[in-house]
Protein chains: 2
Amino acid sequence: MTDATAAERLRDSALGDDLSFLLARANVLSIAAGNAALAATRLRVRSYSVLALAGSEARPNQREIAEFLRLDPSQVVTLVDDLQKRGLVDRAPDIADRRTKVILATEEGHRVLVLARSAVIEAERRLHSNLSDAERETLAELLRRLAFTGA
Amino acid sequence: MTDATAAERLRDSALGDDLSFLLARANVLSIAAGNAALAATRLRVRSYSVLALAGSEARPNQREIAEFLRLDPSQVVTLVDDLQKRGLVDRAPDIADRRTKVILATEEGHRVLVLARSAVIEAERRLHSNLSDAERETLAELLRRLAFTGA
DNA sequence: TATTGTTATACTCTATAACTATA
DNA sequence: TATAGTTATAGAGTATAACAATA
């Protein structure tokens with residue numbers, strides 16, 4: 001009746017081989033570790049992802065960020081507002097279509113991104129330490145297939 | 001500059017091989033599909049997991065449910081309250097320790113669980129249709145290692 | 001007419017602390 | 001003193017609808 005036994009009973013009897021549940025539980029741990037690792041930069045995993053896209057070569061607009069991160073456009077407004085207030089990103093006008101705003105990391109944004117990224121990578125390494133590099137790559141490939149399914 | 005191209009640019013340039021991000025995105029899709037599939041039973045993925053544990057042989061108490069699902073004990077109170085109001089689970093007293101309450105599915109709970117489970121399985125099958133059975137098993141095994149890491 | 005970004009709003013989920021009853 | 005469950009509350013995340021500017 002110890003703790004370990006309870007967890008084992010539950011793992012064996014229900015949900016333990018349900019992909020959705022495993023995905024959810026792995027994700028909860030991942031978010032917790034990510035937010036903890038990002039605390040020093042005052043980012044969270046959500047704002048970090050936006051900053052990472054803004055700092056990439058892709059020059060995304062808000063709608064593209066929303067679709068890629070599976071967020072509602074209105075959520076992206078809030079996230080970008082916050083990053084912009086902190087001077088980490090800018091809303092650049094798109095010459096071709098004046099409705100759209102391209103989100104770009106500022107110099108300061110790039111500096112913070114470097115710190116944030118290494119913190120995240122370090123946290124992941126710790127969290128995934130019981131997977132080999134090959135296993136991690138397999139996992140990434142399989143998740144990519146799920147994550148970018150038609151829907 | 002079409003949609004597909006934007007997504008591809010983003011996938012290639014940032015986050016696209018970040019395990020945490022892939023996990024998060026796959027999970028968002030999984031939750032959305034799960035909630036949609038469960039709509040007819042008026043469950044959500046969260047209450048479904050609790051009901052599934054209550055309907056298992058494991059006879060978990062609330063604290064065990066909280067730890068297994070990585071929820072706060074107070075969240076489990078709310079979830080169980082709701083399921084109990086609907087007559088799907090009971091709080092059974094533990095003879096050995098009168099503080100703890102064992103959560104058990106009622107007959108009606110088991111009936112609903114059967115429907116819910118098949119809806120969830122069907123939704124997963126659709127969502128994971130581009131993985132082979134072997135790949136799905138590999139994915140489950142790797143996720144299990146992440147999901148039940150020490151932390 | 002349709003789309004991008006925005007505002008407003010409500011709902012769900014998550015996190016914390018304090019309380020009770022038992023141990 | 002510590003633990004299981006509970007209550008209260010605030011904060012983060014999610015979903016929807018309506019609107020202005022532009023296409």
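Proteins get letters first, then strands, A, B, ... in listed order; numbering begins at 1 in each.
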Name all pairs fulfilling the ring pair (Phe, Tyr, Trp, His ring centres under 6.0 Å) condition that reach into residues 57-97 of chain B, sequence neighbours left out, sorted by first residue then second.
A/F21-B/F68, B/F68-B/F148
Rounded to whole angstrom units, what separation is found between the NZ atom of A/K101 and the C1' atom of D/dT22?
11 Å
Between atom CG in A/L43 and atom P in D/dA12, what is the gap in whole Å?
14 Å
Using whole Å, what does the distance between atom P of nucleotide D/dT3 and atom CG of B/N61 come to?
14 Å
Check the distance between D/dA21's C1' and A/R91's CZ and give it to me in whole angstrom.
15 Å
Could you pull out all donor-acceptor pairs under 3.5 Å where a side-chain atom in residues 35-46 of chain B meets a protein atom, sequence neighbours excluded?
unit_1: B/N35; atom_1: OD1; unit_2: B/V45; atom_2: N; d: 2.9
unit_1: B/T41; atom_1: OG1; unit_2: B/L38; atom_2: O; d: 2.7
unit_1: B/T41; atom_1: OG1; unit_2: B/L43; atom_2: N; d: 3.4

One character per nucleotide, please: for nucleotides 14-23 of chain C, 5' to 3', B when the base has a protein heavy atom closer than 4.0 Å, S when only the sugar-phosphate does, - otherwise.
B-B----BBS
Can you tell me the distance, in whole Å, between the CG atom of A/L79 and the P atom of C/dG5?
14 Å
Take atom CD of A/Q62 and atom P of C/dT4, then tell me their distance rounded to the nearest Å.
11 Å
Linked hydrophobic residues, A/L104 as query - side chain contacts closer than 4.5 Å
A/V102
Check the hydrophobic clustering (I, L, V, M, F, W, Y; side-chain heavy atoms under 4.5 Å; chains of links allowed) and say if A/V50 and B/V28 are grouped together.
no
For A/D94 and C/dG5, what is the distance between atoms CG and C1' respectively, to the nearest whole Å?
13 Å
Which residue pairs pass the ring pair (Phe, Tyr, Trp, His ring centres under 6.0 Å) test when at least one of the two sits in residues 87-144 of chain B, sequence neighbours left out?
none
d(CD, A/E64; C1', C/dT3) in whole Å
13 Å
Pair listing, side chain to side chain donor-acceptor pair (under 3.5 Å) test, anchored in residues 85-98 of chain A, at least two apart
A/Q62-A/R91, A/D81-A/R91, A/Q84-A/R91, A/D94-A/T100, A/D97-A/R99
